Novice: 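This is the structure, below, for whatever I ask next.
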Amino acid sequence: MPSGGGCPRGCPGPEGRSERPATGRGHPKRQNQDGTGSRPSPNRPGNRQSRSPRREPLGAPATADLWNPRFMPDTPPPVHDAPKGTGAALEKARRDKLDKLAALGIDPWGGRLDDVTPIAAARSQGEAVAKDSDAGPTVRVAGRIMLQRSAGSLVFLDLHDRTGRIQIMLGKKQVGPEAWKIVDCLDLGDLVGIDGRLGWSKTGELTVFAAGLTFLAKSLETPPDKYHGLVDSDLRQRMRYLDLIHGEGVRDRFVARSRIVEAVRRTLADRGYLEVEGPTLQETAGGAAARPFKTHHNALDMPLVLRIALELHLKRLLVGGLERVFELGRVYRNEGVSPRHNPEFTMLEAYEAYGDYGTMMDLTEAILVAAARAAGTPERFEWMGHTVNLAPPFRRAKYDDLLRETTGCDPTDPASVAAVAAGHGIETAGRHPDVVKSDLFEATVEKTLSGPVFVIDYPAAVCPLTKRKAGQPHVAERFELYVAGMELANAYTELNDPDLQEELFRTQLAGLPADESMARMDTDFIKALRHGMPPAGGLGIGIDRLVMFLTAAPSIRDVILFPIHRPRAGG
RNA sequence: GCCUCGUUAGCUCAAUUGGUCAGAGCAUCUGACUCUUAAUCAGAGGGUUCUUGGUUCGAGUCCAAGACGAGGCACCA
């Protein structure tokens with residue numbers, strides 16, 4: 001966390017805070033940022049009674065228990081002082097209430113709470129209650145106070161948990177003057193448990209009529225605007241926890257991500273695949289053409305790089321007889337950021353012995369269909385200006401055919417390709433014809449591919465890990481799956497000839513800088529191939545892009561909980 | 001790394017040609033209200049206009065540099 005990073009801009013940093021008048025207590029926030037352990041704890045007793053959390057049944061509880069007094073403060077409440085209305089004053093108002101709670105014997109930081117009914121479940125119970133009944137069932141719900149409305153000595157709360165929202169009504173007459181002191185200490189954003197009867201308000205809203213309240217956690221920060229929420233996309237990513245609370249559909253999207261990953265795993269497991277974990281710290285970053293992040297191991301005093309792909313270790317496992325393996329994990333590429341790129345991202349790679357790239361096309365379709373179903377994505381929808389239809393089988397189109405249709409060049413004639421490429425401003429002099437061809441494809445064909453479409457049979461020179469087509473040494477058995485102009489998956493019939501693999505590792509393609517090339521000898525991998533790797537199909541899917549696609553997210557940062565950011569200056 | 005755009009109260013946003021323009025809503029505080037729904041009503045407080053320089057009688061506004069972000073380019077076979 002950057003210095004003061006939890007604080008939106010304009011919020012005074014630690015320096016600013018230290019100018020506040022002494023408050024008689026340490027500043028918990030600073031303590032946390034230093035990472036120094038113990039905070040001064042007028043409000044935190046060492047051993048909380050909440051360790052023995054079993055509560056009285058709700059039938060005939062003592063009022064005192066329902067209002068949950070927990071402890072007596074061991075120091076008098078401090079005096080806070082700050083100008084009204086500033087950020088500091090907003091926090092002061094909340095700290096004052098926190099101290100007031102402590103003075104009332106309430107632990108403002110709560111503890112274990114059993115027998116909580118999810119709000120969605122409480123709602124369905126409530127639906128069964130007659131509109132004019134005052135004998136609805138009693139429930140305990142817990143969550144965050146999102147809205148607060150008072151009408152005289154009556155307070156309505158909107159309480160949210162992971163399953164939904166429900167209205168709470170608290171009445172001074174109903175709970176008594178002592179308990180009302182606790183209600184006076186509630187702020188937007190606080191976490192509370194509510195015991196009460198389900199029923200309907202006079203205006204017809206399902207409501208929990210509170211008979212008891214358990215304080216679970218005080219919020220010391222002002223929540224974002226209750227109507228607009230947090231709209232600054234930078235703040236939304238840096239303070240994702242707030243975005244999850246207030247952002248429209250944000251939580252749903254990350255829930256969908258989890259369901260998608262679950263569906264991917266299930267699809268593979270159903271086909272007999274074994275999930276494994278390869279090393280992220282490697283001596284040589286292989287399996288893709290990307291610059292790696294560099295690091296260092298102290299005890300071994302050796303340079304290491306973070307992996308850029310999963311491929312080479314999974315193929316070693318094919319040699320080892322794990323005939324169907326996959327890994328779902330993070331890879332790291334030291335490259336720029338864009339709406340489609342984050343330097344760390346999640347990749348699926350799967351390898352199936354005795355298969356080929358056709359096997360992988362079937363698998364890809366199965367994974368996409370299962371993932372779409374898990375995410376609740378319709379079969380047909382619009383995304384990024386493209387109409388997408390997920391009904392299999394997906395279209396299969398040859399690389400050369402697409403290039404010919406789109407550009408009019410003759411893909412089999414390097415001179416023709418070079419001429420057209422030059423017309424698109426692509427450098428051709430001194431570069432391998434297949435690299436030029438690849439550049440031309442990316443510049444012209446990619447963006448036109450609404451898809452999903454399997455682009456098959458790639459120029460061999462740009463595919464050093466791929467088996468060549470029988471009798472066609474210039475064509476590699478590879479496909480990429482495109483959707484809405486974006487590469488979503490990449491698969492090969494895997495090259496298992498160790499001599500050819502070694503030769504290809506040695507080949508530096510003309511026109512490619514060394515750090516962008518895949519020409520990195522991995523002798524240990526070659527050694528593994530020499531022991532005999534079964535013919536196999538291999539598949540890679542970018543999980544982040546898959547989630548973008550299935551949740552119609554315009555940017556990869558919308559599907560990564562904590563995307564990379566520069567540290568925020570100031571605070 | 002390059003180009004364009006943006007940054008005003010805790011949050012969401014105003015501020016005409018450079019001229020009493022630093023303002024509103026939410027939030028906060030005080031008061032009223034026992035059925036509210038972004039509750040309402042009355043009042044109060046709250047600002048390093050991202051930072052640093054410059055031009056000017058005068059800068060939120062114009063210029064330069066920097067910070068951070070968004071989009072595009074490059075990189076990402």
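Just so we're clear, the structure is a prediction, and the values are computed from it rather than from any experiment. Order of the sequence lines fixes the chain letters, A, B, ..., with proteins taken first and strands second; residue numbering starts at 1 for each chain.
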Novice: For B:A9 and B:A44, measure between their C1' atoms and round to the nearest Å.
Specialist: 15 Å
Novice: Would you measure the distance from the P atom in B:A42 across to the matching atom in B:A27 and give it in whole Å?
Specialist: 14 Å
Novice: Nearest of B:U34, B:C75, B:C26 to any side-chain atom of A:Glu335?
Specialist: B:C75
Novice: Between B:G69 and A:Arg238, is there an OP1 or OP2 to side-chain N/O distance shorter than 4.0 Å?
Specialist: yes
Novice: Distance-only, no hydrogens or angles: does the A:Ser133 side chain make a donor-acceptor pair with backbone N or O of A:Ala135 under 3.5 Å?
Specialist: yes
Novice: Does any nucleotide pair with B:C73 by Watson-Crick or G-U wobble geometry, both distances under 3.5 Å, and what is it?
Specialist: B:G1
Novice: So, OP1 or OP2 of B:A39: does either fall under 4.0 Å of a side-chain N or O from A:Arg149?
Specialist: yes
Novice: Which part of the nucleic acid does A:Arg236 contact within heavy-atom distance under 4.0 Å: base, sugar-phosphate only, or nothing?
Specialist: nothing
Novice: Mind telling me whether A:Tyr458 and A:Tyr399 have parallel, tilted or perpendicular rings, with 30° and 60° as the class edges?
Specialist: tilted
Novice: Determine the interatomic distance between P on B:G54 and the same-named atom on B:G60; round to the nearest Å.
Specialist: 15 Å
Novice: Taking the six-membered ring for Trp, are A:Phe479 and A:Phe454 parallel (under 30°), tilted (30 to 60°) or perpendicular (over 60°)?
Specialist: perpendicular
Novice: Determine the interatomic distance between P on B:U12 and the same-named atom on B:A70; round to the nearest Å.
Specialist: 15 Å
Novice: Rounded off to whole Å, could you give me the CZ-to-P distance for the A:Arg557 and B:G71 pair?
Specialist: 4 Å
Novice: From the options B:C76, B:A70, B:U12, select the nucleotide whose nearest atom is closest to the side chain of A:Ala290.
Specialist: B:C76
Novice: Can you find a side chain N or O atom of A:Arg94 that sits less than 4.0 Å from OP1 or OP2 on B:G10?
Specialist: no
Novice: Which part of the nucleic acid does A:Ser201 contact within heavy-atom distance under 4.0 Å: base, sugar-phosphate only, or nothing?
Specialist: base
Novice: Atom NE2 of A:His341 and atom C1' of B:C76: how far apart are they, to the nearest Å?
Specialist: 5 Å
Novice: Expressed in whole Å, how much space separates the C1' atoms belonging to B:A22 and B:G46?
Specialist: 13 Å
Novice: Among B:G71, B:A39, B:C75, which nucleotide sits nearest the side chain of A:Ser555?
Specialist: B:G71
Novice: What about A:Gln167: does its side chain form a donor-acceptor pair under 3.5 Å with the base of B:U36?
Specialist: yes
Novice: Within the 4.0 Å heavy-atom criterion, would you say A:Asn342 contacts the bases, only the backbone, or no part of the nucleic acid?
Specialist: nothing
Novice: Answer with yes or no whether A:Thr203 presents, from its side chain, a donor or acceptor under 3.5 Å of a partner atom in the base of B:U36.
Specialist: yes
Novice: Hey, does the side chain of A:Lys226 come within less than 4.0 Å of B:U28's phosphate (OP1/OP2), counting only N and O?
Specialist: no
Novice: Which nucleotide in the list B:U36, B:U34, B:A70 gets nearest to the side chain of A:Ser233?
Specialist: B:A70
Novice: Once you apply a heavy-atom cut-off of 4.0 Å, does A:Ser338 come out as touching a base, just sugar-phosphate, or nothing?
Specialist: nothing
Novice: Whether the side chain of A:Lys447 engages the backbone of A:Ala443 through a donor-acceptor N/O pair (distance < 3.5 Å, no angle test) should be reported.
Specialist: yes
Novice: Under 4.0 angstrom, heavy atoms only, what part of the nucleic acid is A:Ala93 near: base, sugar-phosphate, or nothing?
Specialist: sugar-phosphate
Novice: Hey, does A:Pro223 reach any base, or is it just sugar-phosphate, or nothing, if we go heavy atoms under 4.0 Å?
Specialist: nothing
Novice: So what does A:Lys97 hit on the nucleic acid, given a heavy-atom distance under 4.0 Å: a base, only sugar-phosphate, or nothing?
Specialist: sugar-phosphate
Novice: Any luck finding a side-chain donor-acceptor pair between A:Gln237 and A:His565 under 3.5 Å?
Specialist: yes
Novice: Which residue, A:Lys172 or A:Leu230, contacts RNA chain B at a nucleotide closer to its 5' end, judged by nearest heavy atom?
Specialist: A:Leu230
Novice: Taking CG from A:Leu170 and C1' from B:U34, how many angstroms apart are they, rounded to a whole number?
Specialist: 12 Å
Novice: Side chain of A:Asp234 only, please: which of B:A77, B:G69, B:U12 is the nearest?
Specialist: B:G69
Novice: Quantified in whole Å, what is the C1' atom distance between nucleotide B:C21 and nucleotide B:C41?
Specialist: 28 Å
Novice: Taking A:Thr203 for the side chain and A:Ser201 for the main chain, is one N or O donor matched with an acceptor at less than 3.5 Å?
Specialist: no
Novice: Whole angstroms only, please: what is the CG-P distance between A:Asp158 and B:A38?
Specialist: 9 Å
Novice: Can you tell me how far P of B:G1 sits from CG of A:Asn334, to the nearest Å?
Specialist: 13 Å
Novice: If you check the A:Arg333 side chain, which of B:G10, B:G69, B:A77 turns out closest?
Specialist: B:A77
Novice: State the pairing partner of B:A42; accept Watson-Crick or G-U wobble contacts with both distances under 3.5 Å, and report none otherwise.
Specialist: B:U30
Novice: Only pairs with both distances under 3.5 Å count, Watson-Crick or wobble alike; so what is the partner of B:A64 in this structure?
Specialist: B:U52
Novice: Indicate the atoms forming the closest heavy-atom contact of A:His246 with A:Pro224, along with that distance.
Specialist: CE1-CD, 3.3 Å
Novice: Closest nucleotide of RNA chain B for A:Ile564 versus for A:Asn490: which of these residues is on the 5' side?
Specialist: A:Ile564
Novice: Pick the P atom in B:G6 and in B:C13, then give their distance to the nearest Å.
Specialist: 15 Å
Novice: Please determine whether a side-chain nitrogen or oxygen atom of A:His565 lies at a distance below 4.0 Å from atom OP1 or OP2 of B:G69.
Specialist: yes
Novice: With respect to the side chain of A:Gln174, which nucleotide from B:U34, B:C13, B:G69 is positioned closest?
Specialist: B:U34
Novice: Expressed in angstrom and rounded to an integer, what is the separation of A:Lys447 atom NZ from B:G72 atom C1'?
Specialist: 12 Å
Novice: Write down the distance separating the C1' atoms in B:U49 and B:A59, rounded off to the nearest Å.
Specialist: 11 Å
Novice: Does A:Asp232 make a side-chain donor-acceptor contact with the base of B:G69, cut-off 3.5 Å?
Specialist: no
Novice: Any strand is fair game: report the nucleotide pairing with B:U36 by Watson-Crick or G-U wobble, both distances under 3.5 Å, or none.
Specialist: none
Novice: Check step by step if salt bridge (Lys or Arg N to Asp or Glu O under 4.0 Å) holds for A:Lys92 and A:Asp96.
Specialist: CA-CA 6 Å; A:Lys92 178 193 177 300; A:Asp96 284 346; 2.5 Å; yes
Novice: Using a distance-only test with no angle check, is there a side-chain donor-acceptor pair under 3.5 angstrom linking A:Asn342 and A:Arg557?
Specialist: no
Novice: Between B:C73, B:A77, B:C35, which nucleotide gets closest to the side-chain atoms of A:Phe209?
Specialist: B:C35
Novice: Is A:Gly336 touching bases, backbone alone, or none of the nucleic acid, heavy atoms closer than 4.0 Å?
Specialist: base
Novice: Please evaluate the base of B:A39 for a donor-acceptor partner in the side chain of A:Tyr227 within a cut-off of under 3.5 Å?
Specialist: no
Novice: Classify the nucleic acid contact of A:Glu487 as base, sugar-phosphate or nothing, counting any heavy atom under 4.0 Å across all strands shown.
Specialist: nothing
